[in-house]
Amino acid sequence: MLVIKDLYAKVEGKDILKGINLTVNAGEVHAIMGPNGSGKSTLANVLAGHTNFEVTHGSITFNGKDIFDMSPDIRAKEGLFLSFQYPVEIPGVSMVNFLKTAVNEHRKYRNEKELTAGDFLKLMREKKAMVQIDSQLTNRSVNEGFSGGEKKKNEIFQMAMLEPTLAILDETDSGLDIDALRIVSNGVNMLKTKDNATILVTHYQRLLDYIVPDFVHVLYEGRIVKSAGKELAIEIEEKGYDWIKKELGE
Amino acid sequence: MTEVLEKIGAVPRISEIYGTNLTTIADGLPGWMNHTRYPALKAFQRMGIPGFRTENYKYTDLTRLFENENFRRSFTPDNFEVNLSEVFSCDVPEFDTHLILTVNGWYDEISNKDTQYPEGVIVKSLRNAIKENTELVEKYYGKLALSDEDPLIALNTLFAQDGIFIYIPDNLHISKPLQIINVLRSDDDLYVTQRNMLIAGKNSQAKIMLCDHTLVPQQFINNNITEVQIGEEAVIDIYSIQNQHNKTASFSGIYVHQERSSELVTNAITLHGGIIRNNLKVLLDGEQASAKICGLALSDKNQHVDNYTNIEHIKPNCQSNQLYKNILDDNSTGGFTGRIHVLPYAAKTAAFQRNNNVLLTNAAKMNTKPQLVIDNDDVKCSHGATVGRINDEALFYLQARGINEKEARLMLMFAFAHEVLAEIKIEKLRDVIDQLVNKRLRGEVSKCHSCALDCIR
Amino acid sequence: MEDQNKLIKEVTQRDYRFGFVSDIETDTIVKGLNEEVIRIISAKKDEPEFMLEFRLKAYRRWLTMKMPEWAQIKMPVIDYQEIIYYAAPTQQAKYESLNEVDPELLRTFEKLGIPLEEQKMLSGVAVDAVIDSVSVKTTFKETLAERGIIFCSFSDAVKHHPDLIQKYLGMAVPYNDNYFAALNSAVFSDGSFVYIPKGTRCPMELSTYFRINAKNTGQFERTLIIADDDSYVSYLEGCTAPMRDENQLHAAIVEIIAMDRAEVKYSTVQNWYPGDKNGKGGIFNFVTKRGICKGVSSKICWNQVETGSAITWKYPSCVLMGDNSIAEFNSVALTNNYQQADTGTKMIHIGKNTKSTIVSKGISAGHSSNSYRGLVRVAPKAENARNYSQCDSLLLGDTCGAHTFPYIEVGNSSSIIEHEATTSKIGEDQIFYCNQRGISTEDAIGMIVNGYAREVINKLPMEFAVEAQKLLQISLEGSVG
Ligand SMILES: Nc1ncnc2c1ncn2[C@@H]1O[C@H](COP(=O)(O)OP(=O)(O)O)[C@@H](O)[C@H]1O
Ligand SMILES: [Mg+2]
């Protein structure tokens, strides 16, 4: 589904990603771990097509298509979803209006009929129940005045609404209390099928208890320096990253 | 005689004063400087006396003042001897500084002759600088204070003869503040012109204190202009403490040019005066330059205090921050015009401004005119202005803790004022001013024991 | 970013939709302005003597006045002798039923989307339509009359209610108030008149549609709304003009008087022809609007969405005379291409416990210039006066300007006056967030701009709000970055 080959990217003239290779197949869950500043969010943003980041080398194919020339909204409509580490506030733009536009844009892209207001609201109710998001939140402007946890839940709610084929969750677990974490993970698990895939960016084993990864990768200084099964996450939880750094000869 | 003068109006009368004294004024000064006078005269005649018809003087009308004055001009130094202890007893902050004294706008050679300055620093009269540092002065004179922009600049340029010249060499950090005391003293009513220049070299640092002081009860009009060049990475603080009596009209103009990564702090504390108008213009003309501009004015009786600022963001990535406050009592009036102008290429500008005012009586009046002129989209700019009373909730809270209303009000007013004072980076000065403001708010206005003057009236 | 800029440009450069010229027979008088012209206008309208006197007084005063100059507006000199001061569809004043209306006129209104036809009247908005200078049709007159509400053309009001006109004309906007007010007072040809009797709630929205059609004409209409004690009315004003290369002048006056506990809501969606992409043509819109909260606890609310005109110069104002009176000003002004808008409000607090709120949202795109200019004045006797002002500017692209010039003059120590202003652009992160959810940049900008303006649009009556929202989108088309 997703094939990243020898990806280099920089921001503000600084090299951040220095040769990432990663393949994600349908039905898989990948976890990406790594110390702060190692480039995890950068990778997520590059995948979503953020223009701050300049890809200097390498390729990304998604569903067999090279995505470099796709604008961020096309990538989204192709089925790539990013749960932002820091979701932005958009004052005055109501959640309903925002999501309705997004959902219908996706539908138009797939040559499906746009949802009527009624059908849309019904869909929203269903999904809200699924991620147990507070009804009040969807009456507000996008992310405006949401607490950290509410913002993260809202991201998952949007994921439920848009049903992506590849979801990248960038530290969606940070700042969540244990109940919220369970709700978010349940949401993610419920949405999982054999046809879609998930990339979890996280610091904590905790999340991986709920969403069990097939692969764990360690991203360090812009490279994936170690890949293994879920046991790697446990090892990192126990020992931190130093031993990996040592292995690398530092 | 007076009658006739009044009839012919201030503009022709002042033009005539200039014409009559032309040779005295120009005497001993070079051609290039004297050549700035005629254009200044034309500019003054075109703009006239600042008043409410001039948009920038909408809230400070000087026509009455100028129509009615027939003050002596001090075209030659008066050579009064200044008794410094007398000055300090009148609430001029006294601590370890490099002192520079002017009397009636003239650099006071006698008092200043023994003062020591750090090596490389030049402090002298503008007249001497013109002779001895000709290139520097000629290069910068009249480049920031433009006669065409403001009638008070035109008037200053027209009559300019002397003032202070300060030069701080590259890379020199002066730790002791330079304290300039402008003394006004005369046996008759006097019109004073003073013109200063401050040049701060690359990566230099200095703190300057300006103390305006009136020693005698005569009426004064004081038109004081300072042009300031701040080199790359230099850090300059300018604090002015205005404490003059009610019959003084004081116009102070500071015009600043900032180069890359330089930092400017200004803080104008007005404790007392008759008519006060402070003009401040800052050109942020190098990337990463920053300016922090503050002012606090306490006014009562019939005083008038008007602060006018114009911050021009010319280059990208500069920052400006303005904070002005007024507390107005009795019949006093206050004005504030703060302009932030972001020019088309000044992307990534961050410019903020706040003006808060408290009115203590219904006879007091505050006019405020914050302005944003933004010609670039990639900016963060905001301004806020309030005029109001002391916060009721806070007052109640303090009272509920057992503080009587009067004391609670004072506490809140002092807290209100202190936000501006907190921006003073010279600790000793901050303490002195804190005390002065406290005293002033309690109504124990600087009634200086040894001073013949009764400042309160 | 590049793409975004391109898109901003595309979005902001779409064309004006209402630029057609209708082929309606008009009765015009010779161009130019002098006392004779004023007498002709007055005579054509069969006016009583006091009206002619009012006009002449204003004209003589106007001659002594000078066109105001504002630093933030650049404009060519207007030659007042080149303007035609009276143009009316020839069949004026005869429309008893729609069958008699010039079919071209009806088509015009259809294109404008004005519900003039009988069945559309059921939509529940009473409409007074003013073409060029003359009121051509007022709907629902009878329904309203049953409740004692007078809603008619200004000319009719002069004929049938001269006492009311004589009493209130010029009360809020004196004939000598400003240059354009004096000009309007001298030459105004028609407009709308509303009187809501004591204790009456107007059962429907009242609405006027203005259109400048004839060439070289100026439009000088005048609206007078009087809300007697305990009454309520919501009034809507919309306008369009054909595309012409020359500039055309629109200098209107609106006066509102609110008596004890009366409430008047006045909403405008201003969409005069703004000129083309290069700044050629377009309407000069110089309007004086003022309301007096005359009675205790009265309330006047100005809502405006300004997207049209080459130059807009208007400051809907309120004089808060009655104790406890309330005034609001809610404005969205969008400028694009070479448009210039200098708009804002004046809130004059005179009564005790008076309260005013100002919300101004400026949006600039293209090479346009958008200024807020406002005054809040608190008289010494206005105990406990309260004002809150929020003036925000949104810049789209790096060739436009946004300016804020508030004037705050406070002479009462118990009042609380607060003003805040911010300038921002659409965050790239906001656009990216929308993109990531599959929303194109263009739609994202439309959404964000509408979100930005939402606070004000929400104050508009439903139908108008939808219209305003669309207008914002259309006016921006071609501009987003
Ligand atoms: N917009 C930006 N401008 C400059 N530096 C950035 C930007 N975004 C990220 N970086 C830098 O890139 C590096 C990687 O950041 P990031 O991908 O956010 O790390 P993390 O792995 O913690 O998510 C950090 O050094 C960060 O400071
Ligand atoms: Mg991160």
Side-chain angles (χ1 to χ4, degrees), chain A residues 44-45 47-54 69-110 140-144 151 154-155 157-159 161-164 167-168 170, chain C residues 1-8 10 305 330 332 334 359-363 390 392-394 420 422-459 465-466 468-470 472-473 480-481:
Chain A
N45 277 301
L47 289 174
H50 201 296
T51 47
N52 270 1
F53 302 88
E54 188 194 342
D69 290 330
M70 292 183 191
S71 59
D73 55 312
I74 301 290
R75 295 182 195 202
K77 287 181 280 201
E78 281 285 331
L80 193 149
F81 180 91
L82 171 60
S83 165
F84 288 81
Q85 184 176 3
Y86 305 109
V88 65
E89 304 194 357
I90 312 179
V93 174
S94 75
M95 276 298 298
V96 173
N97 184 16
F98 168 75
L99 265 178
K100 186 159 173 252
T101 313
V103 167
N104 280 332
E105 286 299 320
H106 276 77
R107 296 181 69 91
K108 270 194 281 185
Y109 191 75
R110 298 191 296 254
R140 291 207 236 153
S141 295
V142 180
N143 294 325
E144 198 182 28
K151 280 182 183 166
N154 189 25
E155 294 290 292
F157 166 57
Q158 291 177 39
M159 176 175 138
M161 290 291 290
L162 298 174
E163 299 185 328
I168 306 159
D170 190 358
Chain C
M1 193 58 208
E2 195 102 312
D3 285 352
Q4 226 184 77
N5 266 327
K6 218 168 69 202
L7 212 79
I8 287 197
E10 273 169 28
V305 173
N330 301 296
V332 173
L334 185 152
V359 177
S360 162
K361 303 267 182 183
I363 302 159
Q390 169 78 45
D392 295 329
S393 310
L394 186 69
E420 274 175 42
T422 61
T423 300
S424 57
K425 64 169 188 168
I426 294 181
E428 280 166 44
D429 49 350
Q430 292 175 330
I431 292 182
F432 182 65
Y433 191 86
C434 293
N435 285 165
Q436 214 301 307
R437 300 300 185 247
I439 298 165
S440 70
T441 301
E442 186 178 351
D443 288 347
I445 286 159
M447 273 170 88
I448 294 168
V449 166
N450 266 308
Y452 168 82
R454 168 100 134 240
E455 201 180 331
V456 172
I457 289 177
N458 279 350
K459 302 265 179 182
V466 174
Q469 220 153 341
K470 272 192 246 151
L472 281 184
Q473 200 114 2
V480 177

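Each chain gets a letter, A, B and so on, in the order its sequence line appears, and its residues count up from 1.
- For A:Leu82, the parts lying near chain C are the backbone and the side chain together; criterion is any non-hydrogen pair under 4.5 Å.
- Looking at A:Asn143, the atoms closer than 4.5 Å to chain C (heavy atoms on both sides) all sit in the side chain, from C-beta outward.
- Ring centroid separation for the pair A:Tyr86 and C:Tyr433 does not come in under the 6.0 Å cut-off.
- Contact of A:Pro164 with chain C is not made at all, since no heavy-atom distance falls under 4.5 Å.
- Ranking A:His106, A:Glu89, A:Gln158 against chain C, the residue ahead of the rest is A:Gln158, based on heavy-atom pairs under 4.5 Å.
- Residue contact with chain C, scored on non-hydrogen atoms closer than 4.5 Å, is absent for A:Tyr109.
- The backbone N or O of A:Leu80 sits nowhere less than 3.5 Å from a side-chain atom of A:Arg75 that would complete a donor-acceptor pair.
- Interface remark: of the candidates C:Gln430, C:Arg454, C:Arg437, C:Arg437 forms the most heavy-atom pairs closer than 4.5 Å to chain A.
- When the options A:Thr51, A:Asn45, A:Asn52 are evaluated for a side chain to side chain contact (heavy atoms under 4.5 Å, CB included) with C:Phe432, the one that passes is A:Asn45.
- Remark: A:Glu78 CD to A:Arg110 CZ distance equals 11.0 Å, nearest 0.5 Å.
- Between A:Lys108 and A:Glu105, at least one side-chain N (NZ, or NE/NH1/NH2) sits under 4.0 Å from a carboxylate O, which counts as a salt bridge.
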Item to complete: Could you walk me through whether C:Ser440 and A:Asp73 pass the side chain to side chain donor-acceptor pair (under 3.5 Å) test, one step at a time?
Response: CA-CA 6 Å; C:Ser440 70; A:Asp73 55 312; 5.0 Å; no
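- With a 4.5 Å cut-off on non-hydrogen atoms, A:Val103 does not touch chain C at all.
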